[in-house]
Structure formats: C-alpha cells, structure tokens
Amino acid sequence: LRIMLVENGILADNANSGSESKAVTDARAAYQSANDEVSTKSSSLGDLRNDLTKDYGTDDIFRALKDKCISKDSGEYEYELCWMGSTKQKSKKGGAHTGMGNFVRFDKMTVDEEVSADGKGLGKGERLVLRYENGQNCWNGPNRQTTVVLACAETDEIWKIVEEEKCLYKMDVGTPAVCEGRTEEKKAGGKDEL
Ligand code: MAN
C-alpha cells in the first residue's frame, strides 16, 4: 500500500530517511542541467555581442572569411594566412610553427606593382591592408609582424611572401572580398543592365 501511495504521489517517499527521493534527485539534476545550459548560452551570447563590436570591413565582408585559412609553399617554409586570425610560418623540416602576428586592424597602402598575365599581382593604386602584429618574438629583432596587402581576384590566394626586414613579412594576397563595384552597383540600382 505504501509503494502505491508513493507512486501516486500521495505519500512522500521517505523510507530511507536522510536520503532524498528519486523525484527530488531527478528534479535537482534537471535544474542543474537547465542551469548549465543557461550559463553556456549566456557566455556564447557575450562572445557574439563582443564580436558584433569588431571591425570586419566594408559591409562586414571579412566576417564571411573569418576562421578560413589559405597557405602557400615558399622555399623552406609553408606560410599560412587565417583571415582575421593569425599568420604562420611552418618549416618544411618540421618543428614548431612560428607565429607571424595576429590581426589587429585594417589599413591602406598605395602600391605600384606588376600584374602577371594571369591577373595575379597587386597592380597600381590604393589597396586594403590587414595588419597582423605581436607574433613570435624574433631573436635580436621585433616581434614578428605581417602586412597583408589585398587585391581583387577570383579566388582567395597568397601570391607572394617576402621578409622585407628581419621578422617583418609582407604577403600579397588576392581575394574577391576587395573587388570593387559591389556597393556602387547596389546603390545605382542595376546600372549594369542600363
Ligand atoms: C627564423 C624565420 C626567419 C627569421 C629568423 C630570425 O629562421 O622565422 O624568417 O628571419 O627566424 O631569426
């Protein structure tokens, strides 16, 4: 009779006095897991809100590239560029990767360079630059830095890497993200059609 009353919620299940009933244990566990979920969600909400305050360039276009990486073989190293993240130098002989800087800000640079027949090259004019700073410390030199100079191209691609001064690197990179005309066309409302 007691079991029936307990099962129907009429009598409290306090047979083992001092230890709580299964219903209470279950409710406590459910509360704990809901509470954990609220913490996880509110922490990711904080991260997202914080991310919304960051600069992702005109039309937020670099938000789409964030966390994507491209790389290029160059002599004894393979170089990697992670959009809005970091740049790295990886020795082909193995060993630890060398951090060449973390993205800090956008900048502009006036360039006057060759463009090869296949359209790869910075060309002439003002180009958007991504500054990567505070990379791995350089013996007898500065913390490594990378100046990423961008030009319009059909695909994301590192064209060239040079170490202009000890531990100061320059990467020439092609990307559709800087191709002109997107915003202007939108504003003109179908100028192309005319
Ligand atoms: C490594 C590389 C080079 C750099 C030297 C500086 O060999 O990161 O690019 O010039 O360290 O000591």
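The model shown is predicted, which means the values in this text are computed figures rather than measured ones. Computed from heavy atoms alone, side chains included, the values below leave out hydrogens, waters and symmetry copies. Remember, it's 1-based here, ligands and their atoms both numbered in the order they're listed.
Taking the six-membered ring for Trp, Phe62 and Phe106 have ring centres closer than 6.0 Å.
Every side chain to side chain donor-acceptor pair (under 3.5 Å) that Thr147 has, sequence neighbours left out, goes to Arg131. Taking the salt bridge (Lys or Arg N to Asp or Glu O under 4.0 Å) definition, one finds that Glu37 meets it with Lys41, sequence neighbours left out.
Ionic pairing of Lys120 and Asp172 is not present here: no N-O contact between side-chain nitrogen and carboxylate oxygen is shorter than 4.0 angstrom.
To the nearest 0.5 angstrom, Glu113 atom CD is 5.0 Å from Lys160 atom NZ.
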Considering only distance and modelled atom types, tabulate donor-acceptor pairs under 3.5 Å from the side chains of residues 83-91, sequence neighbours left out.
residue, atom, partner, partner atom, Å
Thr87, OG1, Met100, O, 3.2
Thr87, OG1, Thr146, OG1, 2.8
Gln89, NE2, Tyr79, OH, 3.1
Lys90, NZ, Glu80, OE2, 3.3
Ser91, OG, Lys93, N, 3.1

What does the N/O contact table under 3.5 Å look like for ligand 1?
residue, atom, partner, partner atom, Å
ligand 1, 7 (O), Tyr77, OH, 3.2
ligand 1, 8 (O), Gln89, OE1, 2.6
ligand 1, 8 (O), Arg144, NE, 3.3
ligand 1, 8 (O), Arg144, NH2, 3.0
ligand 1, 8 (O), Tyr169, OH, 3.2
ligand 1, 9 (O), Gln89, NE2, 3.1
ligand 1, 9 (O), Glu163, OE1, 2.6
ligand 1, 9 (O), Glu163, OE2, 3.4
ligand 1, 9 (O), Tyr169, OH, 2.8
ligand 1, 10 (O), Glu163, OE1, 3.4
ligand 1, 10 (O), Glu163, OE2, 2.6
ligand 1, 11 (O), Arg144, NH2, 3.0

